[in-house]
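Written out below as structure tokens is the structure these notes cover.
Excluded from the calculations below are hydrogen atoms, water molecules and symmetry mates; all remaining heavy atoms, backbone and side chain alike, are included.
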Amino acid sequence: VRDTSLCYGESVVINVTGEGDKYAWTPALYLSKADIKTPKITPEATTKYSLDVTKGLCTVTVEDIDVVVNPLPEIGNISVDTNQEGQNTLKVEIDDVNAYSYSLDGITYGDKGVLPTTLPIGYNQLYVIDEHGCKSSKLFEVEPTPIYPEKYFTPNDDGVNETWDVENLNMYPAYIVEIFDRYSKRLFIQRVGSFNTGGNNTVDGDEFKGWDGMYNGHAMPSDDYWYLITVEEIRKQYTGHFTLKR
């Protein structure tokens with residue numbers, strides 16, 4: 001009989017070599033049966049057992065059989081910080097971050113203390129494993145980074161608010177920006193990332209750098225204009241209007 005180590009909630013069958021006529025485990029706590037050779041044990045706490053093996057008139061006692069129960073990692077609050085480049089930093093409240101390995105799929109675990117950084121938008125599962133192989137997991141959400149289209153701009157060559165821009169839009173790898181006048185005529189379109197398929201009147205470039213209020217070489221007049229922004233990663237469209245002031 002050997003000492004056994006397992007994680008909380010797991011079960012194990014205790015193996016006994018040799019044969020006897022009768023078996024008696026003490027205590028009977030957590031055992032499937034206390035009078036068989038190889039009982040199944042599902043302990044809730046570390047327990048020390050002894051075993052009496054009787055064969056004929058002879059009884060042998062095996063003492064101090066330790067079944068050690070290791071606690072599962074306790075995962076506290078999980079938060080996600082996103083920098084200006086759209087890179088995510090995962091923060092986990094846990095007793096000793098460096099004592100665990102982490103995974104987002106429950107299969108491939110990174111080095112101890114190295115948290116996952118590639119986090120898709122939406123719900124994710126964080127898996128944690130310790131040196132004993134004990135695992136825990138917790139669900140958390142990565143919310144889309146909000147975008148903030150400007151309410152107005154003033155292309156007057158004074159160096160201030162010269163272009164209409166959208167804050168945080170370039171954190172996303174793929175999107176379309178379209179601008180229309182009040183009669184629904186499209187004045188501007190730019191496709192970025194996987195949307196960048198070209199086409200008539202499509203602005204080139206790998207990121208949106210703002211609209212300067214021009215259409216076909218002509219300065220558009222002071223008025224309200226409408227935008228339609230399609231963000232592929234979160235499958236969401238934003239619509240609204242802004243004012244051009246000259």
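- For the pair S11 (side chain) and T42 (backbone), a donor-acceptor distance under 3.5 Å is absent.
- Classification of the F208-F188 ring pair by plane angle, with boundaries at 30° and 60°, yields perpendicular.
- Neither side chain, Y127 nor D105, offers a donor N or O lying under 3.5 Å from an acceptor on the other.
- Once rounded to the nearest 0.5 Å, the distance linking NZ of K112 with OH of Y100 reads 9.5 Å.
- Residues M220 and L187 approach most closely at CE-CD1, 3.9 Å, considering heavy atoms.
- Y152 carries K245 over the face of its six-membered ring, with the cationic atom under 6.0 Å from the centre and within 45° of the normal.
- Between P43 and E10, the closest heavy-atom pair is CD-O, 3.9 Å.
- Although no hydrogens or angles enter the test, the distance criterion places a donor-acceptor pair under 3.5 Å between the side chain of T47 and the main chain of A45.
- One distance of note links OH of Y49 with OG1 of T4; it measures 10.5 Å at 0.5 Å rounding.
- D81 has a carboxylate O that lies under 4.0 Å from a charged side-chain N of K91, or vice versa, which qualifies the two as a salt bridge.
- Under a hydrophobic-cluster definition in which Ile, Leu, Val, Met, Phe, Trp and Tyr are linked whenever side-chain heavy atoms come within less than 4.5 Å, directly or via other members, V128 and I78 are assigned to the same cluster.
- Rounding to the nearest 0.5 Å places CD1 of I179 at 12.5 Å from OH of Y215.
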If you apply the rule salt bridge (charged side-chain N to carboxylate O under 4.0 Å, His left out), what do you find for E19 with K37, and how did you get there? CA-CA 8 Å; E19 294 295 331; K37 178 181 178 180; 2.9 Å; yes

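- Proximity of a side-chain donor or acceptor of D212 to a complementary backbone N or O of G210 within less than 3.5 Å is not detected.
- We find the NZ-OH distance between K185 and Y225 to be 11.0 Å, quoted to the nearest 0.5 Å.
- Formation of a donor-acceptor pair under 3.5 Å by the E162 side chain with backbone atoms of D157 is found in this model.
- Counting only distance, with no hydrogens or angles, the side chain of N168 and the backbone of P146 share a donor-acceptor pair below 3.5 Å.
- Crowding of N98 atom CG: a count of heavy atoms from other residues, nucleotides or ligands under 6.0 Å exceeding 12.
- Here the side chains of L72 and C7 are in contact, with some heavy-atom distance below 4.5 Å.
- No continuous path of hydrophobic side-chain contacts links I129 to Y8 [ILVMFWY only; heavy atoms under 4.5 Å].
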Ignoring hydrogens and angles, write down the donor-acceptor pairs under 3.5 Å from the side chains of residues 130-141, residues two or more places apart or on other chains.
unit_1 : atom_1 : unit_2 : atom_2 : d
D130   : OD1    : H132   : N      : 2.9
D130   : OD1    : G133   : N      : 3.1
D130   : OD1    : C134   : N      : 2.9
S136   : OG     : P73    : O      : 2.6
S137   : OG     : Q125   : NE2    : 3.1
K138   : NZ     : G76    : O      : 2.8
E141   : OE1    : Y123   : OH     : 3.4

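- In this view, S32 satisfies the side chain to side chain donor-acceptor pair (under 3.5 Å) rule with no residue, not counting sequence neighbours.
- Inter-residue side-chain proximity for W164 and V177 is flagged as met; some heavy-atom pair is nearer than 4.5 Å.
- Between P155 and R246 the shortest heavy-atom distance is O-NH1, 3.1 Å.
- Cluster membership for I234 and V166, using ILVMFWY side-chain heavy atoms within less than 4.5 angstrom, is shared.
- In terms of modelled atom types and a separation under 3.5 Å, the side chain of D66 and the main chain of V68 share no donor-acceptor contact.
- The line from CH2 of W25 to CD1 of I36 is 9.5 Å long, rounded to the nearest 0.5 Å.
- The two residues P221 and L244 make their nearest non-hydrogen contact at O-CD2, 3.7 Å.
- Distance check, rounded to the nearest 0.5 Å: OG1 of T230 to CD1 of I176 gives 5.0 Å.
- L126 is not connected to Y109 by any chain of hydrophobic side-chain contacts under 4.5 Å among Ile, Leu, Val, Met, Phe, Trp and Tyr, and they are in different clusters.
- A single hydrophobic cluster is seen to contain both V62 and V12, as judged by linkage of ILVMFWY side chains at heavy-atom distances under 4.5 Å, directly or through other members.
- Closest non-hydrogen pair, T145 versus M171, comes out as CG2-SD, 3.3 Å.
- The 12-atom threshold is not exceeded at CD of E74, counting heavy atoms of other residues, nucleotides or ligands nearer than 6.0 Å.
- Contacts of Y23 classified as ring-ring contact (aromatic ring centres under 6.0 Å, His included), with partners at least two apart in sequence or in another chain: none.
- At a threshold of 4.5 Å between non-hydrogen side-chain atoms, the residues E233 and P173 count as touching.
- For the residue pair T243/D224, the side-chain donor-acceptor check at 3.5 Å is satisfied.
- Between the T239 side chain and the L228 main chain, no donor and acceptor come within less than 3.5 Å of each other.
- Panel note: side chain Q190, backbone E207; a donor-acceptor pair is recorded below 3.5 Å.
- I14 is not listed as a side-chain neighbour of T38, based on a closest heavy-atom distance of 4.5 Å or more.
- The aromatic ring centroids of W226 and F180 lie 6.0 Å or more from each other.
- Checking D21 against T54 by side-chain atom types alone, no donor-acceptor pair falls below 3.5 Å.
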Just do the side-chain hydrogen bond (donor to acceptor under 3.5 Å, both in side chains) check on N70 and S5 with the steps written out, would you? CA-CA 7 Å; N70 299 295; S5 177; 2.8 Å; yes

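- Annotation: D111, atom CG; neighbour count of heavy atoms from other residues, nucleotides and ligands within 6.0 Å does not exceed 12.
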